[in-house]
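All heavy atoms count here, side chains included; hydrogens, waters and symmetry mates do not.
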Amino acid sequence: MAMRNATQQVVRALEPSLTRSLHASPGSKKIVGVFYKGGEYAGQNPNFVGCVENALGIRSWLESQGHQYIVTDDKDGPNCELEKHIADAHVLITTPFHPAYVSADRIRRGKNLELLLTAGIGSDHIELPAAAAAGLTVAEVTGSNTVSVAEDQLMRILVLMRNFLPGHHQAISGEWDLAGIAHRAYDLEGKTVGTVGAGRIGKLLLQRLKPFGCNLLYHDRLRVDAALEEELGAAFEEDLDAMLPKCDVVVLNMPLTEKTKGMFNKEKIAKMKKGVIIVNNARGAIMDTQAVADACKSGHIAGYGGDVWYPQPAPKEHPWRYFKGQDFPEPNYIVKEGKLASQYQ
């Protein structure tokens, strides 16, 4: 149900932008979609539309109106499939999960480009100043996956707090070392959880954490209204550096901008409690990659999880990959460096 609802939201939100672009000038348009391969899973769920095979579920609609719809997963390098179509494409659709990086050079060569659509949230894979200078429209589906992200964050908090993954590894390897798991498995109840950012996702996370009996804190540019603050049971922290030492768990819920890029560096991490858990479902470039790796190795960070890598895809020698087998779960990140998003200018 969650996948279906999120998919329907994405498609419904895409259609108005596409419709306006496709009717802005007469004639057939060339739309290029960049998605990941679904493989054997593409046909197993009719709502799994965000893959190459199912092409967001909009192929019939586009082709019935006489438009050409090209879909590929090959997006990197001078000889990739995307490069073959960039010169005469009118619309480029991509996702934050398998982004086509739209550089100033690609924009310059895309003479027919009119619309750059992100089927999701976060357009830092697009060089926005270049897009603006070229007169392009850049749009995304704001709010389409807020529930999914908030639930994912809650899951990761519990997985890290309960030291779940090492226990899972023991189960599948036939080991039985209770002390090896229990020595750093904790209850969430009574712990202090702070979210850096209390927008749509941050608020949903706080709502979901309230029944666990946590001490909830939040830092944001703007304080939420008093009634909602009371409903959430969360206390506002105006000074981030004052909030961090209080937290057993820190969750990142801010956008990637020039101000937040690399924000959590060695100095910022040092302000946190020893043994802190960090969950980052925002953008990996908010973290200093090596500082995170070093803090995990020393034990200052007890667990680090999220769904973002930097860079993406992460190379085999990425310093975060040695987490496997340690006393915290192996992370799964999709992280990318981005430019200042238009809504933050």
Side-chain angles (χ1 to χ4, degrees), residues 2-3 39-41 44-45 48 97 147-195 205-206 208-216 244-252 264 269-270 272-282 284 287 289-310 312-335:
M3 179 187 293
E40 63 180 292
Y41 306 105
Q44 294 184 12
N45 187 332
F48 180 31
F97 320 110
V147 171
S148 297
V149 175
E151 289 183 357
D152 188 272
Q153 289 176 340
L154 179 58
M155 174 193 72
R156 293 177 191 276
I157 291 171
L158 290 169
V159 165
L160 289 163
M161 185 66 70
R162 300 303 310 171
N163 205 22
F164 172 82
L165 192 56
H168 174 68
H169 286 161
Q170 283 196 19
I172 62 178
S173 64
E175 299 176 17
W176 190 259
D177 181 6
L178 294 179
I181 308 304
H183 81 284
R184 67 155 311 277
Y186 302 99
D187 294 339
L188 184 55
E189 183 179 30
K191 299 297 185 295
T192 298
V193 182
T195 174
L205 175 65
L206 291 171
R208 284 153 177 73
L209 283 169
K210 186 177 181 181
F212 285 86
C214 305
N215 178 31
L216 300 177
L244 293 177
K246 302 175 184 177
C247 297
D248 301 293
V249 180
V250 175
V251 185
L252 304 186
F264 283 82
I269 292 171
M272 301 183 190
K273 285 185 179 181
K274 179 176 174 58
V276 67
I277 285 172
I278 300 176
V279 172
N280 178 12
N281 283 50
M287 310 299 296
T289 299
Q290 193 58 50
V292 171
D294 292 343
C296 287
K297 189 174 183 179
S298 71
H300 192 89
I301 296 176
Y304 184 65
D307 64 353
V308 284
W309 282 92
Y310 181 73
Q312 180 194 331
K316 292 182 179 180
E317 66 275 12
H318 194 288
W320 290 350
R321 292 193 183 276
Y322 73 72
F323 290 174
K324 187 173 182 180
Q326 301 298 317
D327 284 341
F328 37 84
E330 179 183 11
N332 180 22
Y333 299 101
I334 305 173
V335 182

Answer yes or no: is there a side-chain heavy-atom contact under 4.5 Å between M287 and L252? yes
Heavy atoms, side chains only, cut-off 4.5 Å: are M161 and F212 in contact? no
Under a 4.0 Å N-O cut-off, is there an ion pair linking R156 with D152? yes
Examine distances only and state if a side-chain atom of Q170 and a backbone atom of D177 form a donor-acceptor pair shorter than 3.5 Å. yes
Could you grab the distance from atom CZ of R184 to atom CG of N163, nearest 0.5 Å is fine? 4.5 Å
side-chain contact (heavy atoms from CB on, under 4.5 Å) evaluation trace for M272 with I278: CA-CA 10 Å; M272 301 183 190; I278 300 176; 3.7 Å; yes
Report the distance from atom CG of L209 to atom CG of L154, rounding to the nearest 0.5 Å. 5.5 Å
L216 CG to L205 CG distance, which is reported to the nearest 0.5 Å: 8.0 Å
Does any part of the side chain of I181, heavy atoms only, come nearer than 4.5 Å to the side chain of H169, both counted from C-beta? no
D187 backbone acceptor or donor facing K191 side chain under 3.5 Å: yes
From Q153 atom CD to N280 atom CG, the distance as rounded to the nearest 0.5 Å: 8.5 Å
Between G275 and A302 the two heavy atoms that sit nearest each other are O-CB, 3.4 Å
Could you give the distance from SG (C296) to CD1 (I269), rounded to the nearest 0.5 Å? 8.0 Å
Between CG on residue L160 and CG on residue L188, distance to nearest 0.5 Å: 11.0 Å
Nearest atoms (heavy-atom pairs only) where F48 meets Y41: CD2-O, 3.4 Å
With a 6.0 Å cut-off (strictly less than), is the heavy-atom count around CD of Q44, excluding the residue itself, greater than 12? yes
